[in-house]
2 protein chains.
Amino acid sequence: MARATAGYEEHGEEDSPGALPQPPRDEIDLGRVLAALADPMRRTVVATLATAPEGFEQHCSAFGLPVSKQTRTHHFRVLRESGLVSMTDRGNRVLTSLRRRDMEARFPGLLALVVADAAQDRQQDRSED
Amino acid sequence: MARATAGYEEHGEEDSPGALPQPPRDEIDLGRVLAALADPMRRTVVATLATAPEGFEQHCSAFGLPVSKQTRTHHFRVLRESGLVSMTDRGNRVLTSLRRRDMEARFPGLLALVVADAAQDRQQDRSED
DNA sequence: AGCGAGGTACGACTGCGCTCGTACCTTATG
DNA sequence: CATAAGGTACGAGCGCAGTCGTACCTCGCT
């Protein structure tokens, strides 16, 4: 079970069954979001989700992060508690989706910056071959 | 003297005398910038500079940060090494200015987000009186 | 020259973030 | 039912970031 270690209150209201706790739109804190995006690994995850079509969901393990699964869990928790992503517990697998509308409403253009930067990084890697 | 503790190389080319080392525009790293902006105190500084008119410069001590001057020095160093601000050593005082054009060129809209968030915070504080 | 204010350098402490090992749970598959 | 895979909880190590104390420098003012 995910306990309320975050700063926001535990809301009994959970839209869908298995939805893991996350801050409501108005309580999303810029500091938390920026801290979450400061990590390259988490930025990769966000860029991947943001590049994918609307409503895209993916397993946490499908991002190919070069860390152990415990560390992966940690990163996804940070992303969720910051408000960047929404996660659904399906028992043995967890689906992650970008909170695109919430982020666009609170910090318009921020996701685009992350996407653009990730794209530029990929281009640099290609030219270094 | 400020030594090159940053990741970027020490460029002999310094535009104006007393200009403290800072990364050139193309080497400004998003992770560093986001990490710098993740701190509320540094975000306040950036928001203040971004709200002020173009080319505005201010002493580090004039921001009213509730910390010691050593800590203040630390925060401004982080801001400078991230590429957010430009600093000029005038002997006994240091002038800080926002690298507005560079930031707008690399991460368009980011400063606006910081400004908007700071404005919203101020409004909340006012309604809490 | 002396003093105070602004700033930095260096060192130290403290807390937090990233990492993983171990243990355990849940589900799908054989 | 046994096993493997995805995930989490808990704890530990480690490094870095934020904070300050002490010391020192530079300039403006008296």
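By the rule that hydrophobic residues join a cluster once side-chain heavy atoms approach within less than 4.5 Å of another member, A:Leu65 and A:Leu95 end up as members of separate clusters.
Here the P atom of nucleotide C:dA9 and the CZ atom of B:Phe76 are 15 Å apart, to the nearest Å. In this structure, the CG atom of A:Leu95 is 11 Å from the P atom of D:dT8, given to the nearest Å. Atom CZ of B:Arg90 and atom P of C:dT8 are 14 Å apart (whole Å). Distance CG (B:Asn92) to C1' (C:dC3): 14 Å, rounded to an integer number of Å. We find that CE of A:Met87 is positioned 8 Å from P of D:dG7, with the value rounded to whole Å. Atom CZ in A:Phe63 sits about 10 Å away from atom P in D:dG7, given to the nearest Å. Per the geometry, CE belonging to A:Met41 stands 10 Å off C1' belonging to C:dT19, to the nearest Å.
Minimum interatomic distance between B:Val78 and B:Ala36 (heavy atoms only, all atoms of both residues): CG1-CB, 4.0 Å. Of all non-hydrogen atoms in A:Leu49 and A:Arg100, the two that sit nearest each other are O-NH2, 3.3 Å.
Put simply, A:Arg72 has a side-chain N or O that comes within less than 4.0 Å of OP1 or OP2 on D:dG7. At the phosphate of C:dA5, neither OP1 nor OP2 sits under 4.0 Å from any side-chain N or O atom of B:Ser61. Between B:His59 and the phosphate of C:dA5, there is no side-chain N or O to OP1/OP2 separation shorter than 4.0 Å. Note on B:Thr73: every side-chain N or O is 4.0 Å or more away from OP1 and OP2 of C:dA9. Look at B:Arg77 and you'll find a side-chain N or O under 4.0 angstrom from OP1 or OP2 of C:dA9.
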Might you list the N or O atoms of the protein lying below 3.5 Å from N or O atoms in nucleotides 20-24 of chain D, with each pair's distance?
unit_1, atom_1, unit_2, atom_2, d
D:dC20, OP2, B:Ser68, N, 3.0
D:dC20, OP2, B:Ser68, OG, 3.3
D:dC20, OP2, B:Thr71, OG1, 3.2
D:dG21, N7, B:Gln70, NE2, 2.7
D:dT22, O4, B:Gln70, NE2, 2.8

Pairwise N/O distances under 3.5 Å, protein to nucleotides 12-17 of chain C:
none

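Side-chain contact between A:Leu110 and A:Leu37: present, with at least one pair of heavy atoms (C-beta onward) separated by less than 4.5 Å. Side-chain contact between A:Glu54 and A:Arg101 is present, with at least one heavy-atom pair separated by less than 4.5 Å. Between B:Phe107 and B:Leu30, some side-chain heavy-atom pair lies under the 4.5 Å cut-off. You'll find the side chain of A:Gln22 stays beyond 4.5 Å of the side chain of A:Met87, heavy atoms only.
Under the 4.0 Å criterion applied to side-chain N and carboxylate O atoms, A:Asp29 and A:Arg32 are not assigned as salt-bridge partners.
Here the OG-CG distance, from B:Ser97 to B:Leu84, works out to 11.5 Å after rounding to the nearest 0.5 Å.
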